Amino acid sequence: MSSVLHVLPYLVAAWGFLAGCYGLATSRNLIHAVGCLAGCQSATYILLLAVGYRDGGTAPVFSDIRPGSRPVVDPVVQALTLTDIVVGATVTALLLALTVQIAKRHGTVDPDELRELRG
Amino acid sequence: MHHLLPLLPAIPLLVAAVLVAGGRRLPRPAAESLASLTAAATAALAVFLLLHSSPPLVEWVGGWFPRHGESVGIVLLGDGASLGMAALVSLLTLAALAYSWHYFDEPPRGHAGSYPAMMLLFQGGMCGFALAGDLFNAFVFFELMGVVAYALTGYRIDEAKAVQGALSFALVNSLGAYFMLMGIALLYARTGELAMAKIGQGLDRAAGHHGPDVLVLAGFALFLTGLLVKAAAVPFQFWLPDAHAVAPTPVCMLLSGVMVELGVYGVWRVHGLVFAGPGGVPAADATRVLVVLGVLTAAVGSVMCWYQRHIKRLLAFSTISHTGLFLLGIGVLRPEGDVGTALYVLGHAGVKAALFACAGVLLDRYGTVDEFQLHGRARRLRGVGVLFAVGALALAGLPPFATGLGKAVSEEAVGGPLTVVYVLASALTGGAVLRVAARVFLGLGRRPAAEDGQEREEDKTSGGSEEPETRQRLTGVPATMRTVPAVLLAAALLAGAVPGFAEAAGHAVEESGSPGVFSSAHWTASGVLLDLLSTLLAAVLAGVAVARPGLLSAPGWALPLRRLQSGHVGDYVAWLLLGTALLGALALPGVLG
Amino acid sequence: MADAVIVVALLAVAVAATAAVVNRDPARQALVLAVLGTALAVLFTVLQAPDVGLSQLAVGSALTPLLIMLSVRKVRRRSAHGKDGTQ
Amino acid sequence: MTPRVRLWLVCLGGGGLAALLVAACLRLPAFGGLWHPYGDRAVRTSLARHTANTVASVNFDQRAFDTMGEMTILFGAVLGCVVLLRQARDEHRDPPEPCEVVPPVRRYALIVLPVALVTGLYVIAHGQLSPGGGFQGGVVAATSLHLMYLGADYAALERIRPVEAYEVTDALSASAYLLLGLAGVLTGTAFLANTLLPYGTFNTLSSGGTVPLLNAAIGVEVACAVVVLLARFLDQAVEIEEAKGEMSAP
C-alpha cells in the first residue's frame with residue numbers, strides 16, 4: 001500500500017495531464033477543448049501539492065497551533081498553486097471570449113470546419 | 001542601483017493600470033502620448049542600467065538578500081543579456097506605439113486607454129521575463145506576456161481570421177506554459193529550490209558522480225517545450241504564422257521582433273543557469289537538441305516563407321526561419337555563438353519590425369496584403385518601396401547591417417557545414433521579401449495568375465479580403481507610419497556599422513553567458529564575403545522568381561509540407577506532444593550514458 | 001487512515017478528469033468540471049492545503065463552469081437562429 | 001490532416017510523453033517526504049515577520065513579486081476580455097426578455113449560491129490569519145453575486161452592478177498594489193519590501209506589516225475583476241445580438 005502511495009499522486013497528475021492533452025488534440029468543439037485545457041492545468045496543481053506534502057504534516061497556518069509543535073507541509077508550493085489557479089481561470093476566460101467570437105464570425109466552433117488559415 | 005531593476009516591469013504595468021482607470025476621461029492622444037512616454041522612460045532606464053551592468057546587477061525583490069547563501073525571495077538578474085533584451089523590448093514598444101499613432105478604427109467605446117494599456121502590459125510582461133532569475137517567476141511573466149498577446153492578436157474582433165489565429169495562438173501557448181510548469185514542479189521536487197542558479201547547484205549535488213537521470217531529462221524536455229513553443233521552433237511553430245498573419249500590424253512588430261526571440265533567450269538563460277552543470281544535460285546532448293531543432297526550423301521556415309503570397313504570413317515564416325538560426329547559434333554553446341546570436345537578434349528585431357510596418361502601410365492603402373493582387377499597384381509608394389527593398393536585403397544579411405554582422409559572427413561560431421544553413425535560410429527569406437518588393441512596388445514580371453498549376457485554392461492562405469486596420473483610408477500615408485520603419489532600419493544599420501557597438505554588445509553578453517574566452521565581435525573578410533554571397537543569392541532568387549515564375553513555383557514535395565500547416569488546433573497540439581517526445585529522445589543518450 | 005482518504009480523493013480526481021475529457025458535450029463537461037473542481041478541493045484539503053482548496057472550490061467548481069455555461073449559451077443561441085452563420 | 005493520422009500522431013507523441021512523465025515520477029522523492037528546504041525557510045521567515053498564515057506570507061511578502069505578476073495577468077485578461085467581447089460594429093443590444101434557464105443550470109445555481117456567499121463572507125472576514133485571503137474571498141464574493149442572475153433576474157443583477165465602476169476600481173486596486181511596491185523603492189529599501197509598517201502582534205489582524213494591505217488590494221482587485229469578467233460574458237450571452245432585423249423572440 002504505502003509503496004504504491006509513494007508514487008500514486010504523481011501518476012494521477014501525469015494521467016490527468018495526458019488525458020487533457022488527448023482531449024485537446026481530438027476535440028470537436030472548441031469550448032470542450034478549453035475545458036480539456038483546464039483539466040490539463042488541474043494536473044499541475046496536483047503535482048505541485050503532492051511534491052510539497054509531508055507525512056504527518058499539518059497545514060502551514062499558525063493561528064491555531066503553536067509554532068514548532070507539529071511539522072507542517074511545504075507552504076511554498078501552496079503559494080505557487082494559488083498563483084497558478086488564478087492564471088488558469090483568467091486564461092480560460094480569455095480563451096472562451098475568443099471562442100465566442102469565433103462562433104460569431106465562423107458560425108461554428110468545430111475546429112474541423114475552421115478552414116481559413118492554411119499553407 | 002540594483003533596486004531599480006524591478007521598476008522595468010513595474011512602471012509600464014502601473015501606467016497601464018492608470019490608463020485603464022482614467023481611460024474613460026482621457027482623450028485618445030493624451031492616452032497614447034502617456035503610453036509612449038512610459039515606453040521611452042522604461043527604455044531609458046533599461047539603457048541606463050545596461051551601462052552600469054558590469055559587474056552584473058542582482059536584485060532580491062523585497063530585500064530578501066540571501067543569508068548563509070539561502071534566500072526565500074525572488075531574484076532578478078540584471079546582466080548585459082537581460083537588460084539588453086529589456087531595452088530592446090522597450091524601444092520596440094515605443095516604435096510600435098509611435099507607428100500606431102493614427103492606427104485603428106474607433107477604440108472600444110469608453111476605452112480609449114485600453115489599446116495603449118495592453119501594449120504597456122505586454123511590454124511589462126516581456127521585461128519581467130527578461131529579468132527573471134527564478135523559474136516560477138519566469139513562468140508568471142511568460143504567462144503575462146502570453147495573455148496580453150492573445151488579446152492583442154484577436155483585437156480586431158470583426159475579422160474571422162483574426163479570432164481564429166488568436167485562439168490557436170492562445171491554446172497552443174497556454175498548453176506550452178503548463179508543460180513548463182510541470183517541468184518546474186519536477187525540478188523543485190528534486191532540488192527544493194526555485195532560483196535558477198540554486199536549482200543548477202541542486203541538480204549537480206543530487207547527481208553526484210552518476211550524472212543526470214531521467215527526472216532531469218523530463219524537466220529539461222518539459223521546460224524547453226514551453227520556451228520553444230514561444231520561440232516557434234519546429235514542430236511547435238504552427239501557431240506563429242496563423243497569429244502573425246492576422247494580428248494588428250503594430251502588434252506583429254512586437255510579436256515577431258522580440259517576443260519570439262524571448263523564447264530563444266529563455267532557452268539560453270535556463271540552459272546556462274540550470275542545465276549546464278554536471279548534474280544537468282551534458283553539453284553534447286544539449287547541442288544535439290538545439291542544433292537539430294534549429295536546422296529543421298530554419299529549413300521549414302524558409303521553404304514555407306518562399307511559397308507564401310500573403311505578405312504578413314510570408315514575414316511570419318521568415319521569423320520562424322531566423323529563430324532556427326538563433327537556436328543554432330546558441331546551440332553550439334560557445335561564446336562566439338552567443339554574441340553572434342545577440343547581434344543577430346538585435347538586427348533582426350529592427351529589420352523585421354520595419355518590414356511589418358511597411359506591410360501595414362500596404363494593408364492601409366490597398367486593403368490587401370496579397371502579393372498577386374498587389375502586383376504593380378504600389379508604384380506610387382516609392383519611399384515605402386525603398387524601405388521594403390532595403391529591409392529585404394538586410395534580412396538576407398547585407399553588410400553592414402547588424403543582421404549581417406550577427407550572421408557572420410554566428411557562422412564563424414558554428415563553422416563547417418552548418419554555415420550553409422545560415423546562407424541558404426537568409427537567402428531564401430531575403431529573396432522572398434525581395435521578390436514581393438519587385439512585384440508590388442515595381443510591377444516587375446508578368447502578373448501571376450491566380451491559379452498556380454497543381455495548387456488548390458484551399459491549400460493556401462491568400463491575403464485578399466483583409467479589412468484595412470485604419471480608421472478610414474487615410475488620404476496620405478501618415479508621417480509616423482513612414483518614419484518608424486526608416487528609423488528602425490537605420491538603427492539596425494547603425495548597430496552593425498558603428499565601430500565599438502558590436503564589441504560592447506559582445507562584452508555584455510559574454511559576461512553572462514557560456515564560459516570561454518572570446519576576443520571580440522567584428523567584421524571579418526570571410527564574414528563579409530558570406531554575407532554578400534547570401535545577399536547576391538537572394539537577389540538572384542528574386543530575379544528568377546519574377547522573370548521566370550515557372551522555374552521556382554512550388555514543387556510537388558513542398559505541397560505536403562504546406563498541408564501540415566492546416567489551421568487545425570488539434571493538429572497543432574498533436575505536433576506539440578510529438579515535439580516534447582522528440583526533445584526527450586534527442587537528449588536521451590546523455591542520460592543513458 | 002489519512003493515507004486511505006488521500007487514495008480515495010486521488011482516484012476520484014482521476015475519474016473526474018477522465019470524465020471531463022470523455023464528455024464531448026460542453027454543457028455536460030462544465031458540470032463534470034464542477035465535480036472535478038470539488039474533488040480537487042477535497043484532495044487539496046486532505047493534502048493540508050486549505051488555502052488552495054478554498055480557491056479551487058471558488059474557481060474550479062463555480063467560476064470556470066459558469067463561464068463555460070455562459071459561452072455554451074451564447075454559441076447555442078446564435079446557432080439556434082441558423083442562417084447568419086457565415087459572413 | 002485526417003483525424004486518423006492525428007490520432008496516430010497523438011498516440012506517438014503522447015506515448016513518448018507518458019514514458020517520460022512516468023519515468024520521472026518514479027524518480028521523484030517519495031510522496032510525503034520530510035525534506036522541504038525552501039518550505040522550512042519560508043515557515044521560519046513567516047514566523048519572524050509575525051504572519052500566522054505562512055501561505056499569505058509567501059504570497060504577499062516573500063514572493064510578493066510573483067503575486068504582482070499574477071495580479072497583472074488577471075488585470076490584463078480582464079482588459080482583454082473587455083476588448084474582445086465589446087460590441088462589434090454589426091451588433092446591437094437587445095434588452096433581454098425573461099427567459100427560461102436550463103433546469104440543470106438553475107438547480108446548480110440554487111445549490112451553489114448560498115454556499116458560495118457564506119463561504120465568501122467568511123473568507124473575507126478572516127483575512128490573512130487563517131486559510132483564505134483576498135484572492136479566495138474576492139472570487140467567491142464576486143461569483144456569488146452573479147449567481148443571483150440565474151436564481152432571479154438579469155435586471156436585478158444589473159442594478160447592483162455598475163460595470164464601469166468595477167472596472168475603474170479594478171484598475172485602481174491594481175495600481176495600489178504596484179504603488180505599495182514602489183513605496184519600498186522610494187523609502188530607500190527594495191521593491192515590495194515589507195519594512196514600511198511594524199510587524200505587530202502575532203496572530204492579530206494588524207500583524208505582518210504590509211501583508212494585510214497587499215492582501216486587501218488583491219481582494220478588491222480580484223472581486224472587481226471577476227465581476228467585470230462575468231458581466232462581459234453575461235452581456236454576450238444575454239444582451240448582445242448580431243445582424244439587425246432578423247431577431248425574433250426565441
Side-chain angles (χ1 to χ4, degrees), chain A residues 2-3 5-15 17-19 21-22 24-26 28 47 50-57 59-64 67-68 71-87 89-94 96-98 100-101 104-105 112, chain D residues 3 6-7 9-10 14 17-18 21-22 24-26 28-34 36 38-40 42-43 46-47 52-55 57-59 62-63 66-67 69-71 73-74 76-78 80-81 84-85 88 91 129-131 133 135-136 139 202-203 222 225-226 229 232-233 236 242:
Chain A
S2 73
S3 70
L5 188 62
H6 281 162
V7 289
L8 183 67
Y10 307 140
L11 292 178
V12 168
W15 167 256
F17 196 73
L18 289 166
C21 288
Y22 167 80
L24 197 53
T26 57
R28 294 290 312 273
L47 185 62
V51 161
Y53 187 68
R54 185 197 296 256
D55 276 332
V61 179
F62 294 100
S63 50
D64 47 2
V72 294
V73 301
D74 190 341
V76 176
V77 287
Q78 299 195 6
L80 303 189
T81 315
L82 267 178
T83 306
D84 192 15
I85 289 178
V86 190
V87 172
T90 55
V91 168
T92 308
L94 204 59
L96 287 173
L98 284 168
V100 165
Q101 292 297 346
K104 278 188 207 166
R105 301 298 155 200
D112 288 342
Chain D
R6 190 182 322 130
L7 198 59
L9 215 58
V10 171
L17 178 62
L21 280 178
V22 170
C25 286
L26 296 177
L28 277 173
F31 175 72
L34 301 180
H36 298 288
Y38 196 166
D40 294 342
V43 170
S46 163
L47 294 176
N53 183 354
T54 315
V55 180
S57 171
V58 175
N59 260 333
Q62 304 172 30
R63 297 184 66 88
D66 272 349
T67 309
E70 169 218 309
M71 175 200 71
I73 294 175
L74 181 57
V78 170
C81 282
L84 289 177
L85 295 179
E91 292 172 333
L129 299 177
S130 58
F135 170 63
Q136 294 92 329
V139 177
F202 187 75
N203 215 0
V222 169
V226 174
L229 211 57
R232 291 296 154 183
F233 274 91
Q236 287 291 327
E242 58 224 82

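Chain letters run A, B, ... following the sequence lines, proteins first and then strands; every chain starts at 1. Scope of the values below: all heavy atoms of this structure, side chains included, with no hydrogens, waters or symmetry mates. It should be emphasised that the depicted structure is a prediction, and the values quoted were computed from it without experimental measurement.
Comparing A/Gly56, A/Ala14, A/Ala93 by how many heavy-atom pairs each has under 4.5 Å with chain D, the most go to A/Ala93. Between chain D and the options A/Trp15, A/Phe17, A/Phe62, heavy-atom pairs under 4.5 Å are most frequent for A/Phe62. Looking only at heavy-atom pairs under 4.5 Å with chain A, the residue among D/Val226, D/Val55, D/Val58 that has the most is D/Val55. Interface check for chain A: of the options D/Ala18, D/Gly14, D/Gly76, D/Ala42, the most heavy-atom pairs under 4.5 Å are formed by D/Ala18.
Residue contact with chain A, scored on non-hydrogen atoms closer than 4.5 Å, involves the side chain of D/Leu47 exclusively. For D/Val10, the part sitting under 4.5 Å from any heavy atom of chain A is the side chain, from C-beta outward, and nothing else. If you measure heavy-atom distances from A/Leu18 to chain D, the contacts under 4.5 Å come from the side chain alone. If you measure heavy-atom distances from A/Asp112 to chain D, the contacts under 4.5 Å come from the side chain alone. Interface remark: D/Tyr38 contributes backbone and side-chain atoms alike to the contact with chain A (heavy atom separation under 4.5 Å).
One N or O on the side chain of D/Thr54 and one on the backbone of A/Pro60 form a donor-acceptor pair closer than 3.5 Å. Listed for the A/Tyr10 side chain is a donor-acceptor partner under 3.5 Å among the backbone atoms of D/Pro29.
When side chains are defined from C-beta on, D/Leu85 counts as touching A/Gln101, because their heavy atoms get closer than 4.5 Å. Looking at A/Thr83 and D/Asn59, their side chains come closer than 4.5 Å, going by heavy atoms from C-beta outward. Proximity of D/Leu7 to A/Thr26: side-chain heavy atoms (C-beta onward) are separated by under 4.5 Å at one or more points. A heavy-atom distance below 4.5 Å is found between the side chains of A/Leu98 and D/Leu84. Residues A/Val7 and D/Leu28 are not in side-chain contact: their nearest non-hydrogen atoms beyond the backbone lie 4.5 Å or more apart. Within the 4.5 Å cutoff, the side chain of D/Gln136 has heavy atoms near those of the A/Leu82 side chain. Side chains of D/Gln236 and A/Leu96 form no contact here, defined as non-hydrogen atoms less than 4.5 Å apart.
The heavy-atom pair separating D/Gly80 from A/Leu94 by the smallest distance is C-CD1, 3.9 Å. Looking at every heavy atom in both residues, A/His6 comes nearest to D/Ala30 through CG-CB, 3.6 Å. The heavy-atom pair separating D/Gly39 from A/Asp74 by the smallest distance is CA-OD1, 3.1 Å.
A/Asp55 meets the side chain to side chain donor-acceptor pair (under 3.5 Å) test with no other residue; sequence neighbours excluded. By the side chain to side chain donor-acceptor pair (under 3.5 Å) test, D/Ser57 is found to be paired with D/Gln62, residues two or more places apart in sequence or in another chain being considered.
Aromatic ring pairs are classed by plane angle as parallel below 30°, tilted from 30° to 60° and perpendicular above 60°; the pair A/Tyr53 and D/Phe31 is parallel.
The line from CG of D/Leu26 to CG of A/Leu11 is 6.5 Å long, rounded to the nearest 0.5 Å. Considering CG of A/Leu80 and CD of D/Glu70, their distance stands at 10.5 Å, rounded to 0.5 Å.
In summary, of the residues considered (D/Leu74, D/Val139, D/Ile73), a side chain to side chain contact (heavy atoms under 4.5 Å, CB included) with A/Val86 occurs for D/Leu74 alone.
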